[in-house]
Structure formats: structure tokens, C-alpha cells
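From a predicted model like this one, the values you see are computed outputs, not experimental measurements. Quick note on labels: first sequence line is chain A, next is B, and so on, each numbered from 1.
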There are 2 protein chains.
Amino acid sequence: MDSPFVMKLEQFRRFSDEDRRLLSELTSKRQQQYGAREDIVREGEHSPDIHVVISGLACRYKILQDGRRQIMAFLVAGDPCDSEIFILKEMDHSIGTLMPSVIASIPGDTMKDLLLNRPGIALAFWWNTLQDEGVLRERIIDEGRRDAYSRIAFMIYEILLRLRAVGVMDDESFDLAITQTDLADATGLTPVHVNRMLQRLREEKLIAVEGKRWTVLDPAGLRKAAQFEANYLHLDRAKDEPDSEAGKRLKGLI
Amino acid sequence: MDSPFVMKLEQFRRFSDEDRRLLSELTSKRQQQYGAREDIVREGEHSPDIHVVISGLACRYKILQDGRRQIMAFLVAGDPCDSEIFILKEMDHSIGTLMPSVIASIPGDTMKDLLLNRPGIALAFWWNTLQDEGVLRERIIDEGRRDAYSRIAFMIYEILLRLRAVGVMDDESFDLAITQTDLADATGLTPVHVNRMLQRLREEKLIAVEGKRWTVLDPAGLRKAAQFEANYLHLDRAKDEPDSEAGKRLKGLI
DNA sequence: CGCCGGGTTGACCCCACTCAATGATGGTGG
DNA sequence: CCACCATCATTGAGTGGGGTCAACCCGGCG
């Protein structure tokens with residue numbers, strides 16, 4: 001069983017056995033347990049290491065002058081957090097956990113070696129950056145043009161898809177200790193309104209929430225409510241190889 | 001006088017003379033004049049070339065199911081449009097001009113050679129991708145947390161800053177045949193409301209618009225109205241070299 | 001037991017949208 | 001050179017989606 005990190009990067013292209021081994025090793029060595037609501041990297045800092053989410057949930061966020069928080073992206077198992085740090089002097093946003101999570105760190109020098117000497121790995125990382133960009137662009141559409149109901153549906157559907165892609169779900173359920181306030185900070189809505197929209201999604205039997213356990217009862221319905229188009233995730237390569245693991249996991253969703 | 005393309009990439013790091021020469025050559029060879037509102041690359045297509053804006057104004061956009069358009073980013077002189085096409089199978093959004101523009105194309109193979117053999121150039125391109133990501137993240141904050149007035153101010157201030165960085169402005173004025181509808185599609189507002197916000201910015205003597213000529217009368221005031229923080233553009237390297245051309249051009253703005 | 005962080009509900013309000021009409025402006029062809 | 005038309009900017013009136021404020025509930029925990 002591969003690590004979610006390898007699975008994530010392998011959505012794009014199959015690694016050589018050697019590359020896969022190197023990557024697995026990389027994240028298995030230095031893992032650290034974080035609690036909920038802890039910062040991994042803070043805005044303005046420069047970290048010597050690159051971090052990867054192994055399990056749990058983190059997010060990119062920024063605190064505005066007036067104290068409000070905007071979450072710009074969720075980071076799930078397999079997601080690299082800060083590959084940009086090689087190039088940029090300092091982070092322009094913070095990264096923190098939303099629930100207890102395991103985070104691996106990769107020494108910057110090791111990473112640099114890999115990127116220079118392993119074209120396959122470098123390519124996978126570049127691709128990952130481009131997927132991130134696609135997700136950000138889609139979120140701009142989301143905020144610019146969808147109403148609150150679709151926005152919430154969209155956010156949940158995207159999480160579903162991304163968790164599926166790295167294989168950390170049971171059927172259509174996932175454990176996420178995500179609060180309505182987190183969702184509000186991510187969608188640009190108020191917690192009160194998020195609450196009402198979630199109620200509607202539950203009434204319509206699209207989702208169910210019991211404690212921290214989220215279940216998507218009707219993926220197709222949720223997808224429709226979200227006005228979801230998947231092309232921005234560029235999972236097409238996985239889809240085109242239906243026998244691949246990623247292909248199987250995403251069947252019927254994209 | 002360097003091309004805006006070189007100036008743009010050199011915001012990050014100084015090139016060797018050889019690299020600079022190669023880049024200048026690259027964009028001077030195959031230039032094409034586009035009219036207003038023409039597509040350069042369309043969603044779903046795969047272009048063999050990479051495009052660079054030489055002059056004018058283009059944007060990344062997507063047409064939604066219901067026919068509305070969302071502009072996700074403006075592309076000004078010096079901006080590469082589609083470096084992602086090396087990796088991704090097809091574009092997940094379109095790129096089109098907003099006013100008559102000159103666009104250079106660089107053959108994909110030539111580009112690939114450069115990226116593999118010229119680490120300085122590859123680095124500059126990666127950096128450019130990361131800056132783009134920063135801009136996208138900032139736009140998410142913009143849409144999520146700012147009101148219409150700040151959003152319009154923000155958009156104008158960002159354009160001011162980016163045009164300054166590549167040196168295509170006279171004082172605080174620039175010629176942009178950008179319509180209020182374009183601004184609306186970029187900010188997620190309606191044209192009517194954009195109109196009212198622009199009126200307010202003019203009443204407050206922050207900007208002036210005569211025909212296609214936009215003038216920023218009060219950069220500091222506009223910046224304040226936009227609640228603008230510049231760190232996401234990562235222009236700090238230019239700032240730290242006050243003697244550099246980019247440093248001079250951005251003095252007092254970041 | 002009391003506290004605290006979250007979820008839920010209701011009443012009220014305002015920012016931005018909608019719809020619709022009217023001016024400007026500029027390009028085009030006769 | 002002017003009539004025409006398309007496009008864009010502007011204005012007004014009315015509406016509604018989502019925000020604000022505040023109360024209350026609930027479960028977990030020290």
C-alpha cells in the first residue's frame with residue numbers, strides 16, 4: 001500500500017519503481033503529530049523543510065487586518081504544503097491544521113537533489129503546482145458566480161473527490177473534524193448561513209453529518225447542486241487508465 | 001531597452017547576459033497582432049506553442065454553463081500565458097485579448113530545451129508560476145472578504161502595480177481599453193454596480209478615467225481603499241535592490 | 001457543576017442584484 | 001458628411017440573498 005503522497009503524485013504519471021521507493025522513504029522518515037488548530041508554517045516565515053500532509057486536514061489561510069480568517073485551500077492526505085519555499089523568500093500565507101494531523105517534513109536539500117536529478121519527480125511536482133492553480137481558479141469562479149448553496153455543495157464535493165483520489169475514504173463517508181466556521185472561512189460566507197445551507201443539503205438527502213463523520217448520500221445530486229465540472233483537477237490521465245488504482249477510485253465521479 | 005517579458009521575469013532574479021539575450025530573441029521572432037476580444041488559446045485545446053503578451057491586455061477566463069463569463073486573471077505586457085501546456089493535456093480555461101494586443105509565440109520544443117538546459121530560466125519560470133498562484137490566492141480573499149468598493153479599488157491597484165513593474169506606464173496613467181463589463185466579470189459583480197463603485201472612486205479623487213486612459217490620482221488613497229498588502233506579489237527582491245530598474249519603478253508603491 | 005466551543009434559530013437590515021430606460025460614443029456604409 | 005447602429009456608460013426603482021445580532025441548546029471536559 002503506497003503512501004497517500006505517492007498516490008497523489010501518481011495521479012499524474014506512473015513512477016519508476018526507484019522513484020516510488022525514494023518518495024515513500026522521503027515521507028516515512030520524519031513524521032510529526034500535530035494537534036488541531038496548530039500552525040505548520042506561518043506567513044512571513046521561511047522554513048528549511050517541505051511539509052506533506054500524511055493524514056488529517058490542514059489548510060492555507062491568511063488572517064486579515066480586521067482579524068477575519070480566509071481559508072484559501074484545504075490540504076488533505078498526500079498534499080505537499082509549501083514546495084514554493086525553495087524559490088520564494090518567505091511565505092505569503094500560513095498553513096495550519098484544522099484537526100489532529102500527521103505531517104511529514106522533507107529536508108530542503110534532499111528535495112533539491114531529487115528535483116535536479118530525478119526528472120520524473122520534478123515533473124510530478126510541477127504538475128502538482130499546476131493542479132493547485134487549477135483548484136484556485138475554480139474557487140474564484142465559485143466565489144464569483146455561485147450562490148451560497150452551490151458553494152457549500154461544491155466545497156464538499158471537491159473534498160470528496162480529492163479524498164477518493166488518494167484512497168482515504170470508506171464508501172462515501174469520511175471523518176473530518178471540520179467546523180461550520182471553517183467552511184464559512186473557506187467559502188466567504190458567515191457561519192450562520194453555512195448552517196442553513198447545510199441543513200438544506202441534509203433535508204434534500206444529499207449529505208448526512210453525524211458528529212465528525214460526513215457522508216455523501218447522493219454523489220450525483222451533490223455534484224449537480226455544486227454545478228461541478230471536473231476538468232480543472234486534471235484527473236483525466238487517471239480516468240484514461242481505467243485499470244489504474246486512481247482510475248478505479250474515481251470511477252463514476254469524474 | 002529590454003522587452004517587458006525579460007523585465008517581468010527579471011523581477012525575481014538577474015539573468016546572465018546570455019540568458020537575457022536568449023529570452024529577448026525568443027519573443028522577438030514570432031509576434032502576432034490580435035484584435036480586441038479574440039481568443040489566443042481555448043479551453044479544451046492543446047497548443048504546441050507558449051504565448052507571451054508583448055503589449056495590450058489579455059485575460060484568463062471561463063464561460064459558465066449559463067453563459068456568464070468569469071475572468072480569473074488579467075495578463076499584461078510581459079506575462080506568459082500558458083506555460084502549463086507542457087504538462088497538462090489540455091487547457092482548463094481560455095485565454096483571450098480584451099483590447100488589440102501583440103502576442104509572441106515560442107515553439108514548445110525551443111522552450112523545453114531552454115527549461116532543461118538553462119537553470120536560471122527554468123527557475124524564473126517556476127517563480128512566475130508561484131507569483132501567479134499568489135495572485136490567485138489574493139483574489140480569493142478579495143472575493144471572499146472585501147466589499148464591492150474595495151474589490152474594484154484592489155483590481156485597479158494591482159493592475160497599476162503590475163504595469164509599473166514592467167515599465168509600461170506614463171506617471172500614474174495607463175491606456176487600457178477595459179470596459180466596466182470586463183471589470184464586472186473579473187470581480188464577480190454586475191456591470192451596474194461596477195459603474196457605481198467607479199463613480200465613487202472618481203468622486204473621492206482616487207482615480208480619473210477619460211476614454212481609455214486610466215489615471216491613478218492618489219496611489220496611497222487607492223491602496224488604502226483596496227486594503228492592499230503587497231507581499232503576495234513577491235516583489236521584495238526588486239525592493240531589496242533599490243538600484244535595480246524594477247526597484248526604481250516600484251518605489252513608494254510596495 | 002459550570003464553562004466553553006460549536007450548532008441552531010429568529011428577527012431585522014443592507015449591499016448588491018435585477019430590470020428597464022436613457023445617454024454617450026464611435027465606427028460604418030451610403 | 002451624415003444617418004444609423006452597436007456598444008458602453010449611466011441612472012432610477014424595487015427586491016432579495018446573505019449578513020448581523022442575539023439568544024438558546026447541546027455535549028465534552030476540567
Selected nucleotide, minimal atom distance to [X] side chain, candidates [options]:
X: B:His193; options: D:dT10, C:dC17, C:dT9; answer: C:dC17
X: A:Thr179; options: D:dC8, C:dG6, D:dA9; answer: C:dG6
X: A:Thr190; options: C:dC17, D:dT20, C:dA20; answer: D:dT20
X: B:Asp147; options: C:dG6, C:dA16, D:dT11; answer: C:dA16
X: A:Gln180; options: C:dG6, C:dT8, D:dT11; answer: C:dT8

Check: Atom CD1 in A:Ile207, atom OG in A:Ser173: separation rounded to 0.5 Å?
Finding: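 Separation between the atoms: 11.5 Å.
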Next item on the list: Identify whether any heavy atom of B:Leu189 sits under 4.0 Å from a base atom; if not, whether one sits that close to sugar-phosphate; answer base, sugar-phosphate or nothing.
Entry: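 Contact class for B:Leu189: sugar-phosphate only.
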Next item on the list: Select base, sugar-phosphate, or nothing to describe what B:Gly188 touches, counting heavy atoms under 4.0 Å on all strands.
Entry: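 The residue B:Gly188 makes sugar-phosphate contact but no base contact.
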Checklist line | Whichever of A:Tyr149 and B:Val192 has its nearest DNA chain D nucleotide further upstream toward 5' | finding: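 With A:Tyr149 and B:Val192 compared, the 5'-side residue is B:Val192.
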Check: A:Phe74 pairs by side-chain contact (heavy atoms from CB on, under 4.5 Å) with which of A:Ile178, A:Val53, A:Leu163, A:Asp79?
Finding: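 Checked A:Ile178, A:Val53, A:Leu163, A:Asp79 against A:Phe74; only one passes side-chain contact (heavy atoms from CB on, under 4.5 Å): A:Ile178.
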Check: Quick one: do B:Arg37 and B:Asp182 make a salt bridge, cutoff under 4.0 Å?
Finding: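 The answer is yes: the pair qualifies as a salt bridge.
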Margin query: Test side chain to side chain donor-acceptor pair (under 3.5 Å) on A:Asp132 and A:Thr129; report intermediate values, then the result.
Written below: CA-CA 5 Å; A:Asp132 281 354; A:Thr129 305; 5.8 Å; no
Next item on the list: Name the residue closer to the 5' end of DNA chain C, choosing between A:Arg196 and A:Arg202 according to the nucleotide with the nearest heavy atom.
Entry: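 The residue closer to the strand's 5' end, by nearest nucleotide, is A:Arg202.
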